[in-house]
K.L.:
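Just dropping this structure here.
Below, chain A is the first sequence line, B the second, and so on; all start at residue 1. Just so we're clear, the structure is a prediction, and the values are computed from it rather than from any experiment.
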Amino acid sequence: MPGEVRVRFAPSPTGLPHIGNIRTALFNWLFARHHGGKFIVRVEDTDQVRLVPGSIEAMLEGLRWLNIDWNEGPEVGGPYGPYFQSERLDVYQNLADRLVSQGNAYHCYCVQERPDQATRDRRASASADCKCRHLTQEQISKLKAGQDSKVIRFAMPEEGVTKVNDLIRGEVEWRNETLNDFIIMKSDGFPTYHLAVVADDNLMEISHVMRAEEWLPSTPRHLQIIEALGYEPPKFAHLPMIMGPDRAKLSKRHGATAIGEYQDEGYLPEAMCNFMVLLGWSLDDKTEIMSIQTIIDNFTLDRVTKSAAIFDQEKLLWMNGMYIREMTPDQLAGRMMPFLERDLPKDLLPVDEEYLRRIAPLLQERIKRLDEVAKQIDYFFRADEEFDTETLVQKGMDRDTTLSALKAALEDLNATDDFHHEKLEEMLNVTGERLSLSRRQFFGVLRVAATGRAVSPPLFEMMEVIGKDRTVSRFKNAVERFSAAG
RNA sequence: GGGGCGUUCGUCUAGCGGCCCAGGACACCGCCCUCUCAAGGCGGAGAUCAGGGGUUCAAAUCCCCUACGCCCUACCA
């Protein structure tokens with residue numbers, strides 16, 4: 001189907017998937033969905049040395065969590081497979097041989113160390129390193145006999161320019177003389193990225209190559225291979241990079257960077273997508289919270305930024321809070337459950353779903369991450385028997401007034417069976433006034449008695465949820481312990 | 001050293017020649033609401049649009065130069 005949009009996300013299994021990788025995947029996916037095209041995942045496992053077991057699983061898990069689905073790739077297969085480059089070695093070998101026979105590539109017999117920065121700085125010209133390009137037939141035969149390890153280099157044109165019309169950056173061009181003869185086949189029989197990416201993008205009929213900006217400098221190499229092979233070049237779009245707060249490329253030392261950490265910390269996938277898309281793309285001059293459908297509908301490359309963005313964890317947190325508040329209490333309860341099962345003391349499990357649904361609204365506007373729930377929710381399940389009873393005494397009160405306040409409240413609570421929060425408030429308000437205590441003082445005492453804490457959700461709504469039995473027994477306990485302590 | 005990309009409030013961004021002595025959002029500060037904490041509402045502070053030259057009646061927006069940042073310059077992707 002000519003003209004069909006086919007984009008790919010091509011991760012290398014060299015570590016845990018981080019925000020940068022995933023953001024690239026997101027943009028590709030959004031682009032595909034916007035155009036009704038295909039989103040393909042292809043695993044670029046051509047570096048056997050850096051391969052980290054489990055990274056692909058983590059990557060796919062991250063995509064699944066964010067609801068980024070792929071039309072072709074690992075697990076789902078597809079007509080252009082295999083989607084692992086390590087299973088396509090013959091393809092690259094044939095192409096490399098073809099390039100050699102065409103004169104676009106040559107065997108190199110040099111033994112070279114990886115040049116460090118100082119070496120690179122001293123280097124006079126890009127292709128001064130290797131002389132094998134101009135070897136005679138005779139020299140080649142001799143070297144071949146004496147050596148089994150060799151690589152294949154691409155023979156870059158020594159003059160002319162290579163241009164690309166990047167969909168985000170516009171016309172960019174390089175003088176070919178500034179580009180060196182890079183390696184396309186390694187001595188272990190695996191291709192380098194440059195050959196493999198060009199081969200597969202062509203074979204898989206990729207229409208748009210959308211990748212991070214760090215790839216822009218190698219685009220002329222890819223274009224040269226494409227030309228040598230007689231391929232039709234895809235469109236290119238180089239996405240802005242994501243940096244840490246210190247403006248350096250995002251890495252582990254910036255704290256949480258792996259997508260899985262965000263899942264574990266209780267970020268919502270919807271919030272995560274919304275936030276990540278705003279790193280380099282915007283809808284207009286004001287809209288920030290958007291449904292994924294709205295994003296898909298409006299996702300065009302002309303709204304992608306050119307400059308790198310710094311990952312701002314504070315804003316992500318804010319956005320996550322917004323998403324939490326937008327949920328219905330039932331949805332929230334459902335989302336909280338796995339975190340409670342993970343973090344709550346085992347003797348509090350299993351959590352009653354119905355009870356949790358009644359608790360959820362009280363926590364909803366007080367948390368920004370799902371993993372905060374376990375720390376805040378314990379007093380809904382059991383009384384804190386250890387709290388310091390001195391915290392019962394509010395500002396401007398003494399032990400006597402505190403004790404009588406407690407006793408009066410206990411009496412009230414004992415006497416009623418109507419635990420609707422409006423009724424409780426009405427009743428205790430009267431009692432507080434009778435005792436000449438401000439609401440702040442009186443309710444402050446009651447809060448500590450009910451929860452053992454100075455901070456909690458609204459008092460009466462909480463009592464309603466906790467219920468009469470638990471509330472009354474906590475007040476009894478508070479009275480006893482406070483009296484004893486005195 | 002060479003090559004490339006980028007540069008609007010601390011941060012994410014809007015802006016594609018006049019609507020901008022620059023708009024929104026996060027964070028920050030203040031006020032309001034209020035039983036605590038939040039949430040919410042209102043308001044404030046914060047950007048000589050990196051700097052300098054042009055072009056134009058008019059420039060954050062177009063052109064040139066400089067500075068700075070970042071990326072590439074690996075048998076890593």
K.L.:
Contact list please: residues 7-22 of chain A against RNA chain B, heavy atoms, distance less than 4.0 Å, in numerical order.
P.N.:
A:Ser12
K.L.:
Please give the nucleotide sitting opposite B:rG69 as a Watson-Crick or G-U wobble pair, both distances under 3.5 Å, or none.
P.N.:
B:rC5
K.L.:
Can you check the A:Leu195 CG to B:rA77 C1' distance for me, whole Å?
P.N.:
14 Å
K.L.:
Is the centre of the A:Tyr193 ring less than 6.0 Å from the centre of the A:Trp215 ring?
P.N.:
yes
K.L.:
For nucleotides 30-34 of chain B, tabulate all protein N/O to nucleotide N/O atom pairs closer than 3.5 Å, reporting atom names and distance.
P.N.:
none

K.L.:
Both distances under 3.5 Å, Watson-Crick or G-U wobble: report the partner of B:rG17, or none.
P.N.:
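When the pairing criteria are applied, nothing turns out to pair with B:rG17, so the answer is none.
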K.L.:
Search all heavy atoms of A:Pro361 against all heavy atoms of A:Pro329 and return the closest pair with its distance.
P.N.:
CG-CB, 3.9 Å
K.L.:
Give me, pair by pair, the N or O atoms of the protein and of nucleotides 62-68 of chain B that are less than 3.5 Å apart, along with how far apart they are.
P.N.:
none

K.L.:
Using atom NZ of A:Lys375 as one end and atom P of B:rA38 as the other, report the distance to the nearest whole Å.
P.N.:
16 Å
K.L.:
Is it the case that atom CD in A:Glu171 sees more than 12 heavy atoms from other parts of the structure closer than 6.0 Å?
P.N.:
yes
K.L.:
What does the B/S/- profile of nucleotides 39-47 of chain B look like, 5' to 3', with a 4.0 Å heavy-atom cutoff to protein?
P.N.:
SS-------
K.L.:
For A:Phe9, enumerate each residue passing the ring pair (Phe, Tyr, Trp, His ring centres under 6.0 Å) test, keeping only those at least two apart in sequence or located in another chain.
P.N.:
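Here no residue qualifies.
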K.L.:
Would you name the heavy atoms of A:Ala449 and A:Leu406 that are closest together and state the gap between them?
P.N.:
CB-CD2, 3.7 Å
K.L.:
Considering only nitrogen or oxygen atoms on both sides, find all protein atoms under 3.5 Å from nucleotides 11-15 of chain B and state each distance.
P.N.:
from, atom 1, to, atom 2, distance (Å)
B:rU11, OP1, A:Arg247, NH2, 2.4
B:rC12, OP1, A:Ile310, N, 3.1
B:rC12, O2', A:Leu278, O, 3.1
B:rC12, O2, A:Lys315, NZ, 3.4
B:rU13, OP1, A:Gly280, N, 2.7
B:rA14, OP1, A:Ser282, OG, 3.2
B:rG15, OP1, A:Arg303, NH1, 3.2
B:rG15, OP1, A:Arg303, NH2, 3.4

K.L.:
In terms of the nearest nucleotide of RNA chain B, which residue is placed more toward the 5' end: A:Glu314 or A:Asp246?
P.N.:
A:Glu314
K.L.:
Can you tell me if A:Lys186 has over 12 outside heavy atoms packed within less than 6.0 Å of its NZ?
P.N.:
yes
K.L.:
To check you understand the geometry: which heavy-atom pair defines the closest contact between A:Lys407 and A:Val479, and what is its length?
P.N.:
CE-CG1, 4.2 Å
K.L.:
Among residues at least two apart in sequence or on other chains, which ones pass ring pair (Phe, Tyr, Trp, His ring centres under 6.0 Å) with A:Tyr267?
P.N.:
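Listed in chain order: A:Tyr262.
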K.L.:
In Watson-Crick or G-U wobble terms, both distances under 3.5 Å, what is the partner of B:rC42?
P.N.:
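In the structure as shown, B:rC42 has B:rG30 as its Watson-Crick or wobble partner.
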K.L.:
For the residue pair A:Pro457 and A:Met462, what are the closest heavy atoms and their distance?
P.N.:
CD-SD, 3.7 Å
K.L.:
Look at A:Arg358 together with A:Glu461 and state whether they make a salt bridge at an N to O cut-off of under 4.0 Å.
P.N.:
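Salt bridge between A:Arg358 and A:Glu461, a charged N being under 4.0 Å from a carboxylate O: no.
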K.L.:
Distance check, rounded to the nearest 0.5 Å: A:Arg42 atom CZ versus A:Leu203 atom CG?
P.N.:
9.5 Å
K.L.:
Paired with B:rU11: which nucleotide, if any, by Watson-Crick or G-U wobble criteria at under 3.5 Å for both distances?
P.N.:
B:rA25
K.L.:
Roughly, in whole Å, what's the span from CG in A:Leu362 to P in B:rC35?
P.N.:
17 Å
K.L.:
Please list all pairs passing the ring-ring contact (aromatic ring centres under 6.0 Å, His included) test where one or both residues lie in residues 166-185 of chain A, with sequence neighbours left out.
P.N.:
A:Phe154-A:Phe182, A:Phe182-A:His194
K.L.:
Please output the side-chain donor-acceptor pairs of residues 424-432 of chain A that fall under 3.5 Å, not counting sequence neighbours, one pair per line with the distance.
P.N.:
from, atom 1, to, atom 2, distance (Å)
A:Glu425, OE2, A:Arg439, NH2, 2.9
A:Asn429, OD1, A:Arg439, NH1, 3.0
A:Thr431, OG1, A:Asp412, OD2, 2.3
A:Thr431, OG1, A:Met427, O, 3.3

K.L.:
Please report the distance separating the P of B:rC71 from the corresponding atom of B:rC62, rounded so that it comes out in whole Å.
P.N.:
26 Å
K.L.:
Under 4.0 Å between a Lys/Arg side-chain N and an Asp/Glu carboxylate O for A:Glu213 and A:Arg169?
P.N.:
yes
K.L.:
Please report the distance, rounded to the nearest Å, between OH in A:Tyr193 and C1' in B:rC72.
P.N.:
13 Å
K.L.:
Who pairs with A:Asp246 by salt bridge (charged side-chain N to carboxylate O under 4.0 Å, His left out), at least two apart in sequence or on another chain?
P.N.:
A:Arg253
K.L.:
Flag the pair A:Arg369 and A:Asp371 as a salt bridge only when some basic side-chain nitrogen lies within less than 4.0 angstrom of an acidic carboxylate oxygen.
P.N.:
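A salt bridge is present here (some side-chain N lies under 4.0 Å from a carboxylate O).
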K.L.:
Using atom C1' in both nucleotides, what's the gap between B:rA38 and B:rC76 to the nearest angstrom?
P.N.:
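The answer is 48 Å between these two C1' atoms.
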K.L.:
Remember a base hit wins even if backbone is also touched, and classify A:Arg221 as base, sugar-phosphate or nothing at under 4.0 Å, heavy atoms.
P.N.:
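Sugar-phosphate contact only - A:Arg221 comes under 4.0 Å of backbone atoms but never of a base.
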K.L.:
Grab the CD-P distance between A:Glu372 and B:rC37 for me, whole Å please.
P.N.:
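Those two atoms, CD and P, are 17 Å apart.
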K.L.:
If you take the centroid of each ring, where Trp contributes its six-membered ring, are A:Phe460 and A:Phe443 closer together than 6.0 Å?
P.N.:
yes
K.L.:
Between atom CG in A:Leu316 and atom P in B:rA25, what is the gap in whole Å?
P.N.:
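Distance check: A:Leu316 CG to B:rA25 P gives 19 Å.
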K.L.:
In residues 39-50 of chain A, which residues come under 4.0 Å of RNA chain B by heavy atom?
P.N.:
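A:Glu44, A:Thr46, A:Asp47, A:Arg50, in order of number.
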K.L.:
Can you label the angle between the A:Phe236 ring and the A:His238 ring as parallel, tilted or perpendicular, going by 30° and 60°?
P.N.:
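Rings of A:Phe236 and A:His238: parallel, under 30°.
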K.L.:
Is A:Arg23 reaching over with its side chain to a backbone N or O of A:Met276, donor-acceptor style, under 3.5 angstrom?
P.N.:
no
K.L.:
Does A:Phe460 or A:Met243 map to a spot on RNA chain B nearer the 5' end, using the closest nucleotide for each?
P.N.:
A:Phe460
K.L.:
May I ask you to check whether over 12 heavy atoms, not counting those of A:Arg98, lie within 6.0 Å of atom CZ?
P.N.:
yes
K.L.:
Below 6.0 angstrom between ring centroids: does that apply to A:Phe299 and A:Trp281?
P.N.:
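So the answer is yes for these two rings.
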K.L.:
Closer than 4.0 angstrom, basic N to acidic O: yes or no for A:Asp384 and A:Arg474?
P.N.:
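Salt bridge absent between A:Asp384 and A:Arg474.
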K.L.:
Under 3.5 Å, which protein N or O atoms sit close to an N or O of nucleotides 3-5 of chain B? Give each pair with its distance.
P.N.:
from, atom 1, to, atom 2, distance (Å)
B:rG3, OP1, A:Arg175, NH2, 3.0
B:rC5, O2', A:Arg169, NH1, 3.0
B:rC5, O2', A:Glu213, OE2, 2.4

K.L.:
With sugar-phosphate meaning primed atoms plus P, OP1 and OP2, does A:Met241 contact a base, only sugar-phosphate, or nothing at under 4.0 Å between heavy atoms?
P.N.:
sugar-phosphate
K.L.:
Rounded to the nearest angstrom, tell me the gap between atom CE in A:Met156 and atom C1' in B:rC72.
P.N.:
13 Å
K.L.:
In whole angstrom, what separates A:Leu437's CG from B:rC35's P?
P.N.:
14 Å
K.L.:
A:Lys186 side chain N/O closer than 4.0 Å to the phosphate oxygens (OP1, OP2) of B:rC76?
P.N.:
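Result: yes.
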K.L.:
Below 4.0 angstrom from OP1 or OP2 of B:rU36, is there any side-chain N or O of A:Lys395?
P.N.:
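False: A:Lys395 side-chain N/O out of range (4.0 Å or more) of B:rU36 OP1/OP2.
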